[in-house]
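Beneath this line is the structure, given in structure tokens, with notes to follow.
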Amino acid sequence: MRQAGCLIPLFSIRSASGWGLGEIPDIVPFARWAAQAGFSVVQLLPTHECSRGQSSPYAALSAFALDPVYAGLDALPDFLTAGGREALSPAEQEELSALRAVPAVPWPRVRALKARALDLAFRSFLQHEWKRRTPRACELEAFQHEHAGWLEPYALFVALHDDRYRGRPWMEWDAPLRERDERALAAARAELSERILFHGWLQWQLDLQWHAARREANAAGVELMGDLPFMVATDSADVWSRPFDFRLDARVGVPPDAFSETGQDWGLPVYRWDAMAENGFAWMTARARRSGELYGLYRVDHVVGLYRTYYLPNDGGPAAFTPSAEPAQIANGEKMLSIFAHEGRVIAEDLGTVPDFVRTSLTRSGVPGYRILRWEREWKKAGLPFKDPSAWPALSVGTTGTHDTDSVADWYDGMAEEERRALLALPALGQLRARGPHRFDAPVRDLLLDLVYRSGSDLVLLPFQDAFGARERVNVPGTVTDANWSYRMPLEVTALAADRGAADRLRDLAARSRRRGG
């Protein structure tokens with residue numbers, strides 16, 4: 001089945017009632033627009049709760065919990081019972097008005113205001129539901145029981161992390177709690193019971209909003225696609241509660257390649273594949289199950305790391321791979337893929353330096369990898385000709401870029417003359433070759449999008465900006481600035497839906513390339 005999809009971070013969706021970033025209920029109007037534009041998939045970046053002080057979704061505080069910042073306050077029953085926006089102070093209401101118009105997501109301001117509103121909502125729940133043992137109180141208890149495997153350690157961790165230790169990482173906690181002494185944990189649960197309940201209530205409400213949004217997106221003919229990060233942060237509920245699954249004496253990275261002579265050090269913990277195998281890969285299986293609860297298909301980040309994880313010892317010793325031998329690497333990667341594929345359609349992020357045996361294994365496992373137009377070239381041939389997208393395999397994801405690349409507009413304008421000649425030599429770009437433009441414009445955009453839509457890939461995923469020929473970026477790898485992870489759509493989703501011309505243009509691309517629309 002040939003499909004087209006659109007990639008947008010949830011925080012980027014702009015609505016008239018938003019609190020400075022996209023919220024879970026905003027998925028619905030965006031999905032309806034996507035269906036009008038011929039998309040049957042909407043891919044979101046990870047929505048897990050970020051580490052404190054971070055805006056990147058790829059180093060999360062939890063592999064399971066949704067980020068409270070995405071709660072739709074105006075759709076939260078307990079917030080409305082508490083008085084809604086009118087319950088906010090005049091200064092907070094003024095801040096909310098200001099946040100609606102900000103051009104980029106101001107994470108600290110949004111989190112601070114939402115924390116205040118969520119506290120008001122929870123106080124209302126305690127008074128009107130929990131203490132009266134109402135049916136909604138029983139629903140929360142049922143949710144806590146169903147998700148106890150991850151929710152109990154997560155809620156206790158966040159209560160300790162934020163309330164007892166005021167944000168200090170768990171590695172600096174008092175030894176009994178750092179090392180999870182049972183008596184210390186029991187005493188902490190009793191002391192922090194209300195805060196633990198708060199975090200359980202909040203995840204319950206986020207989960208309800210998510211499933212309601214997913215149902216409505218599905219009803220519009222659109223499936224939600226998620227993104228499973230390779231790793232969580234060291235200072236996370238998962239590493240604290242399951243230290244036996246991780247090495248903390250080394251950090252995950254990537255080896256030197258054509259883009260970096262020294263490689264990269266991500267500063268994240270390293271999987272202990274041997275220990276995970278002994279416990280039946282329980283944590284990975286639980287992650288896959290949670291992804292299947294939230295999404296119909298999902299991208300597995302840095303899939304090569306599931307085959308062989310590159311790590312740098314903290315003591316300065318030589319970097320190495322785990323597992324170390326290729327047969328064990330293949331077995332490990334295919335085991336992980338089988339676990340993930342059991343819970344939904346899996347897409348492999350196989351970009352960067354990836355050994356041939358990994359891509360052979362992905363094909364054998366029936367898992368598609370990526371084909372990004374700018375990088376699909378014959379790198380060993382004279383002139384570095386581009387591979388014809390019509391010959392891209394059906395088992396692949398065709399695209400113009402990712403959340404980490406610059407826009408297709410900036411790529412085209414920044415090409416060296418040799419690269420442009422190689423691109424325009426593609427048979428399908430004869431019209432563009434004859435016109436010979438050196439600057440990106442709407443006709444260039446449409447011809448490049450048509451090229452990717454007509455590719456052999458069964459799934460095409462367009463970054464939202466590339467669908468319009470816009471130039472804003474989501475992230476610039478290797479940099480840490482407020483501009484990263486803060487992109488917002490320039491117009492509200494209602495205005496987007498009203499622009500029938502753009503939707504019709506994109507839907508025509510899907511129809512001409514025989515891709516099923518929403």
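Below 30°, between 30° and 60°, or above 60°: for Tyr487 and Phe464 the angle between ring planes is between 30° and 60°, a tilted geometry. Using the six-membered ring where Trp is involved, Trp283 and Phe246 have ring planes that are perpendicular, over 60° apart on the 30 and 60° scheme.
Side-chain N or O atoms of Gln465 include one that pairs as donor or acceptor with a backbone N or O of Glu472 at under 3.5 Å. Between the side chain of Ser51 and the backbone N or O of Ala59 there is at least one donor-acceptor pair closer than 3.5 Å.
Listed by first and then second residue, the side chain to side chain donor-acceptor pair (under 3.5 Å) pairs that reach into residues 316-328 come to none, sequence neighbours excluded. Judged as a ring pair (Phe, Tyr, Trp, His ring centres under 6.0 Å), the pairs with a partner in residues 392-417 (not counting sequence neighbours) are, in order, Tyr58-His403, His403-Trp485. Residues in residues 211-237 take part in these ring pair (Phe, Tyr, Trp, His ring centres under 6.0 Å) pairs, two or more places apart or across chains: Phe230-Tyr271, Phe230-His302.
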Next item on the list: Assess whether side-chain hydrogen bond (donor to acceptor under 3.5 Å, both in side chains) is satisfied between Glu49 and Ser62, documenting all intermediate values.
Entry: CA-CA 6 Å; Glu49 183 165 4; Ser62 168; over 6 Å; no
Check: Would Asp245 and Arg242 count as a salt bridge (Lys or Arg N to Asp or Glu O under 4.0 Å) if you check the C-alpha gap in whole Å, the side-chain angles of each, and the deciding distance to 0.1 Å?
Finding: CA-CA 6 Å; Asp245 278 340; Arg242 301 182 65 86; 2.8 Å; yes
Next item on the list: For salt bridge (Lys or Arg N to Asp or Glu O under 4.0 Å), just list the numbers for Arg52 and Asp235, CA-CA rounded to whole Å, side-chain angles, deciding distance to a tenth of an Å, and then say yes or no.
Entry: CA-CA 9 Å; Arg52 297 296 177 255; Asp235 188 25; over 6 Å; no
Next item on the list: Could you go through the side-chain hydrogen bond (donor to acceptor under 3.5 Å, both in side chains) check for Ser291 and Glu343 one step at a time?
Entry: CA-CA 7 Å; Ser291 294; Glu343 300 294 339; over 6 Å; no
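The CZ atom of Phe340 sits 12.5 Å away from the OG atom of Ser365 when rounded to the nearest 0.5 Å. The distance from atom CG of Asp265 to atom CZ of Arg251, rounded to the nearest 0.5 Å, is 4.0 Å. One distance of note links CZ of Arg299 with CG of Leu44; it measures 12.5 Å at 0.5 Å rounding. Taking CZ of Arg515 as the start and CZ of Arg2 as the end, the distance is 4.0 Å to the nearest 0.5 Å.
Arg290 forms no cation-pi arrangement with Phe64, by the criterion of a distance under 6.0 Å to the ring centre and an angle within 45° of the ring axis. No cation-pi contact links Arg445 to Phe440, judged by a cut-off of 6.0 Å to the six-membered ring centre and 45° from its axis.
Atom CD of Gln431 is surrounded by 12 or fewer heavy atoms from other residues, nucleotides or ligands within 6.0 Å. A 6.0 Å sphere centred on CG of Asp274 holds more than 12 heavy atoms belonging to other residues, nucleotides or ligands. Counting heavy atoms of neighbouring residues, nucleotides and ligands inside a 6.0 Å radius, atom CG of Asp482 does not exceed 12 of them.
Ionic pairing of Glu23 and Lys114 is present here: one or more N-O contacts between side-chain nitrogen and carboxylate oxygen are shorter than 4.0 angstrom. Between Glu216 and Arg32, at least one side-chain N (NZ, or NE/NH1/NH2) sits under 4.0 Å from a carboxylate O, which counts as a salt bridge.
Contact annotation: the side chain of Trp107 approaches that of Phe11 to within less than 4.5 Å [non-hydrogen atoms, C-beta and beyond]. In this structure, Ile13 and Ile8 have side chains that are in contact, with non-hydrogen atoms separated by less than 4.5 Å.
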